[in-house]
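Atoms considered below: every heavy atom in the structure, side chains included; atoms not considered: hydrogens, waters and symmetry mates. Starting from 1, each residue takes its place in the sequence as its number.
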Amino acid sequence: MIGVPDRPRLGELLVRAGTLSQAQIDDALEAQKASGEHLGRCLVQLGYLSEEAMLEGLATQLGLERVELGRVEPPAVAVEALPLEFVRRHRIVPIDLRDGTLHVATSIPLEDETREDVRLLTGFEVIEALATDRAIAEKIAECYAITVERLVEDMMGPGGVRDAENENLHDIEVMASEPTVVNLVNVIISTAMKERASDIHLVPFENALELRYRIDGVLREMSPPPKHLHAALVSRLKIMANMNIAERYLPQDGHIQITHAGHRVDIRVGTMPTLYGESVVMRLLEKGDNVQTLEELGLDPERTAVLLQLVEKPHGILLATGPTGSGKTTTLYSVLHAIYSPEKKILTLEDPVEYELPGVAQIPVRPQRNFTFASGLRAILRQDPDVIMVGEIRDGETAEIAIRAALTGHLVFSTLHTNDSAGAVTRLIDMGVEPFLIGSSLEGVIAQRLVRRICSGCKEETALSEDTRASLKTFGVDAGPGPFHHGKGCDDCRGTGYRGRVALFELLLMTPALRELVLSRASSAKIKAEARGSMVTLQEDGLRCARSGVTTVDEVLRVVLRESFES
């Protein structure tokens, strides 16, 4: 009887394919002897191979399938077949159960002993498929309803105090790679994604850590991790973001890229030293090409038509203004998407690239390599663009280059931090830009804010309280008879009455009269007063949204009315 030839080993396969050298395989084999880990994991830990490439090699070697766990919804009968402690210990997740066979996902091939344990536990045969460690951790958390609270409980000892002495985790680097810490970081991030959070805040205090998610623009406190894990959690995040874990006394910035539920997510990580250790803030940016239209963002059809007519001009500059996180870049993306055609060359200069736009060349700035908005803008002007988007005008040099580009035949979009549309002019003058350049190039300014949208699952009609009407009168506003709406709170909105956000817009179009005011260095108050006859202000747009049942009067008070009164 002729024997079946053995499959080539993973190392041999990678060397034969030219992916790795024999010396690199030998290094990994040495690391494997010390750690007892699978060779593939050792190659990834040494940085010789990405996890994706390692899984491709294993799939070829063993004839196993790859599975995208973000697109898989395991049936309850499969999840119930294996207990949580078992799947966490062996880093596998059940994904299907049919015809007496349990299908599981794993990042390394199951050992014979593990496969036999699964058979004994379930009574089923086992078929395995390959997925990344992160995808498996996220799917375990999703299927077994693992929360930060549950993980923290598991990590604490009797009476709520964790037995740290027996852990021998004195070295922070070692602690940061412990499965408990890795899993906790994964759950913090995946929970934030499920909650639709835009930011994660991890802040240390003397005796506690504070974990908060920014959801629909408002920070919400979550159950925090134990204080003694602070250094390990920060180190884990720094490792993921390719930051210097030894530097604890200077601010640092980094970047993590993950896949969640089949979508690519970019995470901007920033650390800041505080009195009790490093504070961490993570900004979550979900990548995709589903750019919303201006109407979907909240701009009414009449002003949408005016804006699109404005940006059909062959040259000039359009600014979007507002505070950080008010949706300025998203609005400019919508405008770019609306005017795109193969006849136009559109270039963007961004920090970072937040969404991917089909047909648009997007360029990230790299300040650490001296590739700034100003230097990048000079360079892309030599790329024969028709339309340019500059992520942000931060200084006078960038402002002057952008305006001169608008004067030399380019259509330029950019963002600026001001309270309202009229403030953009005085902000540019403060940066040192000459008024005649602004008056000649500026075509329009969009100011915007984001307000929370009433949850559609629990929306109901309501009367305005006397306190709300009194607050409105303080700002000189009469809300009128209504009707008005609010959300009474449900499971979909976690009892807040709000789900999602909508933008409020103020669109200022430059006229001959306004250009004269710019040339005379008029104040923003005078510019706004001149524009009021033809402009819907942020406050008026907010009340329009409240009267139409999109948001609440209280939300308009919180976001734009009090702000305009204080400014």
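Residues Cys490 and Gly457 come closest through the heavy atom pair SG-C, 4.3 Å. Scanning both residues, Arg469 and Leu464, for their nearest heavy atoms gives NE-CB, 3.8 Å. Contact detail for Ile317 and Ala402: the closest heavy-atom pair is CD1-CB, 4.3 Å. The heavy-atom pair separating Leu284 from Ala197 by the smallest distance is CD1-O, 3.5 Å. Nearest heavy atoms, Met389 versus Leu336: SD-CD1, 3.7 Å. Between Thr426 and Gly423, the closest heavy-atom pair is OG1-O, 3.0 Å.
Sorted pairs that involve residues 317-328 and meet salt bridge (charged side-chain N to carboxylate O under 4.0 Å, His left out), not counting sequence neighbours, are lacking altogether.
Under 4.0 Å is where a charged nitrogen must lie from a carboxylate oxygen, and between Arg452 and Asp554 no such pair does. A salt bridge does not link Lys227 with Glu206: none of the charged nitrogens is closer than 4.0 Å to a carboxylate oxygen. Salt bridge status for Glu278 with Arg248: absent, with no side-chain N to carboxylate O gap under 4.0 Å. Using a 4.0 Å cut-off between charged side-chain N and carboxylate O, Arg427 and Asp430 make no salt bridge. Electrostatic pairing of Glu540 and Arg544 does not count as a salt bridge here, judged by no charged N lying under 4.0 Å from a carboxylate O.
Residues Leu319 and Thr415 have side chains not in contact (no heavy-atom distance under 4.5 Å, counting atoms from C-beta outward).
If you look at Tyr333 and Tyr355, their ring centroids are closer than 6.0 Å.
Heavy atoms of other residues, nucleotides or ligands lying less than 6.0 angstrom from NZ of Lys473 number 12 at most.
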Could you check Ser334 against Glu296 for side chain to side chain contact (heavy atoms under 4.5 Å, CB included), going step by step and ending with a plain yes or no? CA-CA 10 Å; Ser334 297; Glu296 288 170 338; over 6 Å; no
